[in-house]
Structures are given as C-alpha cells and as structure tokens.
There are 2 protein chains.
Amino acid sequence: MDRDQTEKDDEGSGRPTLKTLAFMTGLGVTTVSRALKDAPEIGAETRRRVQLVARQIGYRPNRAGVRLRTGKTNVISLVLNTEREIMSFVSDIIYGVSEVIADTPYHLIVTPYSRSQDPLDPIRYLVETGSADGVIISRTQPNDPRARYMLERGIPFATHGRTDMGLIHPYHDFDNYAFATEAVRHLAGIGRRRLALLAPPAELTYHSHTLNGFTDALSEVGASEIPFNTVSVDHSIEQIRMRTAQLMRRDVRPDGFVSSAAAATLAIVAGIEDAGLRLGRDVDVVSKQSSDLLHLFRRELLVVNENFRLAGAELARSVLGWIGGAAPGSLQSLSMPTEVLAYRRPD
Amino acid sequence: MDRDQTEKDDEGSGRPTLKTLAFMTGLGVTTVSRALKDAPEIGAETRRRVQLVARQIGYRPNRAGVRLRTGKTNVISLVLNTEREIMSFVSDIIYGVSEVIADTPYHLIVTPYSRSQDPLDPIRYLVETGSADGVIISRTQPNDPRARYMLERGIPFATHGRTDMGLIHPYHDFDNYAFATEAVRHLAGIGRRRLALLAPPAELTYHSHTLNGFTDALSEVGASEIPFNTVSVDHSIEQIRMRTAQLMRRDVRPDGFVSSAAAATLAIVAGIEDAGLRLGRDVDVVSKQSSDLLHLFRRELLVVNENFRLAGAELARSVLGWIGGAAPGSLQSLSMPTEVLAYRRPD
DNA sequence: CCTATATACTGAAACGTTACAGATTGTCAC
DNA sequence: GTGACAATCTGTAACGTTTCAGTATATAGG
C-alpha cells in the first residue's frame, strides 16, 4: 500500500507504455515487461492479469524503445534494383513477403538501388546502420559479394536465386534447369528441331541453370541450338524485337524459342511477325510467365508459370527462420515448374 | 583540461554515436548534436570541425534514438491492397517514391491489407503505433474514411486519386476525365459511334471522373453509349472476357471501347475475338497503359500512357512537403494524359 | 530458532538522442 | 570596476524498453 509519490504523468494521455501498465496493475515495470514475455519467474496469476490488462487497453510495445535497448529492429528489408527488376516480380514478391510477416511484429522496408550504384551499397548501408534484422536480395550471382558480405557480418538474409561460392545460406529458387529442359522437350515433342534461347543476363546464377537445362535437353532430344546470345531478358523490348526479327530473316533460323521472361516473349513474338513468320506455324515459343496473361496475347504461346508470390513467401519464411535461430542450410527451397501449358480456353 | 573520469567505454568499438564524436572533438554531446544540425548558438569553427569529424568517421544518427526522443520515425508508409492493386502500379509507384526519398533520411515501408480487411485497419495501426511520419494511400474514394481519419489525427498523407468530401489534402491524380474525353473524341474521329466504357470500380473516385469524361464527350461528338457496367477493371480477366464476348454477340454492339486498364484491355480484345470480330475493323479500343507493351499485343490498339512512377514521385513529394510544413492545399497535382497514340513501329 | 534456498517481485542503469536550464567566458557601456 | 549582455558551450533528464543486481517473503532443513 506504499504507492505514494512519483505518479507525475501517465494515465489516459498518450498511448499506453509499460509504465501505464505498471501503474494500472500496481506492479513494477520490470515485472510487467517480464509478464508480457512469459518469463519464468513471474507468478501465473500475475502473468495472466498483466496480459489481460495489456490486451484490454491495447498495449503495443514501442518499437523505438525496443530497438534502442536491444538492437532488434523488427524490420525485414527487400533490396531491389529500380531499373532491372521484372515488374510483376516486385508486386508479387512484396505480397508474398507481406503475407508471411503479417502476423509477426515485422515491418517490410523496400531498399532500392539503381543501375549506377554498386549493388553492395544498399547492403552496406543496411548493415552499417543496423536498419534491418534480415535482408532479402534478388538478382543473385554465382559469386555474390552481397551474400559474402552479409555472411561475414552475420546478418540473416535470403537470396532469390542460388549462389555458387561453396557458402551456405538460405535461398529460394525456381528450378530454371527443369524449366529449360521441359521447354525443349515440349518443343521437340511437337517437331521443333532448331531452338533458340532467350536467356537471363549472363551475370546472374540462373543464367547458367537455364542454359545448362537447355543444352542438356537439346542433346537428349537431338535438336540443335541456334545461338541467340546477343540479347538477354534484361535488354529492352525494342532490342529483343529487332534481334529476333534479324534472326528470323536468316537462312538458318530457329523453329522454336525458349524465353525466360514474359515481357521479352512479347518482343520475340513481335520480332517473329516482323519477319513475316507466324507463331504456331513457322515457329513455337515456350515462355515463363508470372501472371496468367500470355495466353491472351497469342493463344499459340506455350507457357510455364513461375509463382513470385510463393517465392516472396518462401524468402520471408527463410529469413525469419534464420533470425529465429534455424540452421541456414535448412532454409533452402526450390520450386518446380509446372508442365508446359498449351492454350486452353478458359471455362 | 578537466577531462578526468567517465570515459569507460567508447572509442573504436561499435558504430560512432554522439558520444564518440564528443570524445573525439573534446566537446559535450549537446554541442555536437547541435553543431550537426546547424543550430545558431554554435561557433562557426566548432560547427565545421564537428561536421568534418562526423563525415570522416561516417557518423549516422541512430534512428531508434531519434525516434524515441522526438517521435520522428523518418518513415513513409505506402498502404497497398494485396489483392486489387494493378501490378505494374505497385512496382512503378514504389520506384517513384524511392527516387524522391533516396537522398532524404526516409525509409519506405509497405503496409499491405487484404480484401477481407477494413481498409481503415492498416491506417489505424500506423497512426496508433506512430509507425510513420507520412502515409500514401491508393484506391481513393469520394468519401474516404482513411483520409478523414488521418486528417482528424493530423498525420500527413497523400492520396493517389482525389476525394470529394470538401476536405483539403495533398493528392496526385491522373486526369481520367481528360483521358475519357480524348479517347471518345479519337474514336469518333475514326468513325466510331457506339461506344462502351470499361470503367474503374464504382466506389473509387476516378470512376466518376472517367464516366463523366466519357458521357460529356459522347454528347459533344454525338455518339451513343452501349452500357457495359456489369464489369469493372477490378473484375477478373475471365469475367471481363466473357462479358465482352456476350456484349459483342448482341445485335446492338459497340464499335468502340474505352478501357481504363491495360490488363483488362487484353481481356476485352480476347472477348472481341471470341465473338468472331476483328480489332481495327469491327471495333477499336482505346486503353490506358502504364508500360509500353500493349502495342506489341495488337498493333491496332490505341493507347494513352499513365505514368505511375511519376505518380509515386509526386505523392512522395507531397507527403514530404506536408511533413515539412507546407500547406496541404499547395501539394496537389494532376497529370495530363498524352494524346491517344496509334501504333507506330518502334524506330 | 536460525540459516539456506526458492519464488516473486523491484529499482537503477543503459541504449542514443534532443530539450531544458544553466554555466562560463568575453565585451561593452557607464 | 561593475553590471548587463551576448556568444558558446555543458550537464541532466527524458523518451520506452530490457537487463542486472538486488530485496522481500515464504518454505524447508537442520
């Protein structure tokens, strides 16, 4: 009953803090703090009482307070290239991440970097300023300085795409090797024998995955490659279109394409038609897509779906898992492509 | 010279703080703090000296410290509907915002909400927990509870799209009235007389903007409307396609469409072709698009560009402006549509 | 009855920052 | 020489949280 002085402030003014709860329950702030996080040395009844009151008045821990004291930011950062990322990728991956962190205390911050910058810059910034508990990066390279850097500093992260440095870290990847082999097999199955690949940019890890799948399947089915490596999916629509048209006007031209991105596929088809050829008759195209729109573009297109929302969710789960103490090696996942889908009339 | 005790910690261990700077310069932390923010009562030389040292050792203010002390979060939140937002919208607007906040201390957090939730929920969360200094919302309604709520609480925000409540707040909007009139005029100009509009969802403000532009221009050019209001751009691709096909099989069918979204346009065209009709011959379509891809889809399409990246940048500028003390009424902008663009062969 | 030990709780300090209320100079007027 | 005043600088407290080192009470062992 010796609750005498020191209640200068508090009561109903701003949002409730531990002090407010302490005052209301007649306990010390330490006890309240502990009761809320189920510490062992708190009596069962006290714990329940505190948690009840906290819930009633809508107590939310002050993020700045926690962060200042503990260093824990409760932030996941998604690092994106503002020029090069595929558009649907961005929204879907954000939604995937959001979905997973929705019922956690985590916030998602988007950390952009531009073409001109060193990709390591935003990572350095995040690490040096301690702005995030975990990081998600994309456009992963076989020898990725960002992954190495974060591994050295011990900050949890996950990569969209794999590395190839002999270092273990969480990742999520789409199986582009399987995509390319499926694509080639399907094209061979409908009689196509001279295939061209519009590959991912050479510096990214999934370039070689795709390429290996492509060439392995080529020899498996006995088809041949028509080189098409002056452009990648990173090139502009106009460039891809022009190069495709050039290629299709040659004597030896492909009768099948494998395309690693939906927007690029539009350009390929445009190039094919620029050259006076027809999709489905003179040439077939298998393309990855992340939203179900390509079949509207040309019904003859063959598609394989890559689910970026799923990727975002997996990546978020991985980072959270690592933060939570799981072994990085156990937080790796690979997503299998669907079979090649030919056009089907909806409904 | 009475610098005696109390240097228990500091030096080169973690990242530098005001205390580190104070120790290095031989000044008090208060002085250092003020010198860094150009306070008037600091000597010119001291100021320069402190700033020099700070720059040299790469001092960065601790966000948690600032936030705890001042309440300033240095965060802008972008609130998004995870189901309904247009995909390219998300990435472009994020990049636009990023571009503007790049050389400010602000971080961008993405706060998602799903169909099932009250759109006010994420706003309440942000305001109650004081998680952001400013908020950007989209899918703005004529009578928008979110805008009203934030206006009441005095938290700076900007809306993508206008409201119609007689309340003044920053916004950025695309002039959809002008878009619709331009579109109708263009269609009339090429001889189309029976026009249908695929409108935005009725609850959003730009629905009536678009509709008014459409009907005003119809009477101006003496064309008639074929009602097409069983679907909106929010409906699924399949539904729009089906409804379009139904409409095009009627006796009295449109010979021109105005479409408020690119993805929906794909569905409209598919529906037209399902009905055995041909784009450019039987019917023309004017569509908004946010990335330059529709002309690859069908060269006959007529397009008007809406720049979401610009929108993001403007919205960010507006919120920052309001935070910085500018009058909300001075932070409103409207972006004019381009003329209707017919297909031109690239280069 | 005294001491040891477990249980349940508590105050003080610290994280890095800024605001408030001084403190120490030097300059100038008179 | 004194008082007033401006120009610079400084220590303390506070924001909300967690951790450390206790303190009080009850229970048990001897």
Side-chain angles (χ1 to χ4, degrees), chain A residues 1-10 13-23 25-50 54 57 59-74 105 128-131, chain B residues 1-10 13-23 25-50 54 57 59-74 105 128-131:
Chain A
M1 302 293 166
D2 53 359
R3 188 143 288 286
D4 33 28
Q5 80 280 52
T6 74
E7 42 236 47
K8 51 183 166 190
D9 45 47
D10 248 296
S13 56
R15 59 185 267 233
T17 70
L18 288 182
K19 207 153 113 198
T20 320
L21 285 179
F23 178 68
T25 55
L27 297 162
V29 296
T30 306
T31 309
V32 173
S33 171
R34 285 179 150 147
L36 288 176
K37 50 174 53 70
D38 291 316
E41 63 267 71
I42 300 296
E45 193 202 312
T46 306
R47 191 204 318 283
R48 276 202 314 278
R49 200 157 60 87
V50 170
I57 65 172
Y59 168 78
R60 307 262 200 171
N62 179 306
R63 312 192 115 230
V66 175
R67 182 165 171 177
L68 183 56
R69 177 65 235 241
T70 65
K72 179 135 217 279
T73 62
N74 284 310
E128 281 170 10
T129 62
S131 290
Chain B
M1 301 291 169
D2 53 0
R3 187 145 289 286
D4 35 26
Q5 78 278 53
T6 73
E7 42 238 47
K8 49 184 169 189
D9 46 46
D10 250 296
S13 56
R15 62 185 265 233
T17 69
L18 288 183
K19 207 153 115 198
T20 321
L21 285 179
F23 178 68
T25 55
L27 297 162
V29 295
T30 305
T31 310
V32 172
S33 171
R34 286 180 149 148
L36 288 176
K37 51 174 52 72
D38 291 316
E41 64 267 71
I42 301 295
E45 194 201 310
T46 305
R47 191 204 318 282
R48 276 202 313 277
R49 200 157 60 88
V50 170
I57 65 173
Y59 167 77
R60 305 264 202 170
N62 179 304
R63 311 191 115 233
V66 176
R67 180 164 170 177
L68 183 56
R69 178 64 236 242
T70 64
K72 179 137 218 277
T73 62
N74 283 309
E128 281 170 10
T129 62
S131 289

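Heavy-atom basis, side chains included; hydrogens, waters and symmetry copies ignored. Just so it is clear: chains get the letters A, B, ... in the order the sequence lines come, proteins before strands, and each one is counted from 1. All values reported here derive from a predicted model rather than from experimental measurement.
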Nearest-angstrom distance from the residue atom [atom1] of [X] to [atom2] of [N]:
X	N	atom1	atom2	answer
A:Asp38	C:dC9	CG	C1'	17 Å
B:Arg63	D:dT17	CZ	P	20 Å
B:Arg67	D:dT17	CZ	C1'	13 Å
A:Lys72	D:dT19	NZ	P	12 Å
A:Leu18	C:dC15	CG	P	19 Å
B:Arg15	C:dG16	CZ	C1'	9 Å
A:Leu36	D:dT17	CG	P	9 Å
A:Glu41	D:dG22	CD	P	16 Å

Please determine whether side chain to side chain contact (heavy atoms under 4.5 Å, CB included) holds for the pair B:Asn74 and B:Arg63, giving the CA-CA distance in whole Å, both sets of side-chain angles, and the decisive distance to 0.1 Å. CA-CA 8 Å; B:Asn74 283 309; B:Arg63 311 191 115 233; 3.5 Å; yes
Start at the 5' end of DNA chain C and walk down; is the nucleotide closest to A:Thr46 or to B:Asn62 reached first? A:Thr46
Considering only side-chain heavy atoms of [X], which listed nucleotide, [options], is closest?
X	options	answer
A:Thr31	C:dC15, D:dC9, C:dC9	C:dC9
B:Ile42	C:dC15, D:dG16, D:dC9	D:dC9
B:Tyr59	C:dT17, D:dG16, C:dC9	C:dT17

What one should report as the nearest heavy-atom pair of B:Pro61 and B:Val66 is CB-CG2, 4.3 Å
Between B:Glu128 and A:Arg15, what is the shortest heavy-atom contact and its length? O-CD, 3.2 Å
Let me see the working for A:Ser131 and A:Arg67 under side chain to side chain contact (heavy atoms under 4.5 Å, CB included), right down to the final yes or no. CA-CA 10 Å; A:Ser131 290; A:Arg67 182 165 171 177; 4.3 Å; yes
Quick check: are there more than 12 heavy atoms from other residues, nucleotides or ligands sitting under 6.0 Å from CD of A:Glu45?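 Not buried by this count: 12 neighbours or fewer within 6.0 Å.
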Is there a side chain to side chain contact (heavy atoms under 4.5 Å, CB included) between A:Arg47 and A:Arg34 once you walk through the steps? CA-CA 8 Å; A:Arg47 191 204 318 283; A:Arg34 285 179 150 147; over 6 Å; no
Pick out the pairs of N or O atoms, protein on one side and nucleotides 19-27 of chain C on the other, that lie under 3.5 Å.
from, atom 1, to, atom 2, distance (Å)
C:dA19, O4', B:Arg69, NH2, 3.4
C:dA19, N6, B:Thr30, OG1, 3.1

Assign each of B:Val32 and A:Ala64 to its nearest nucleotide of DNA chain D by heavy atoms, then name whichever residue's nucleotide is nearer the 5' end. B:Val32
Starting at CG of B:Leu27, measure out to CZ of B:Arg49 and round the result to the nearest 0.5 Å. 5.0 Å
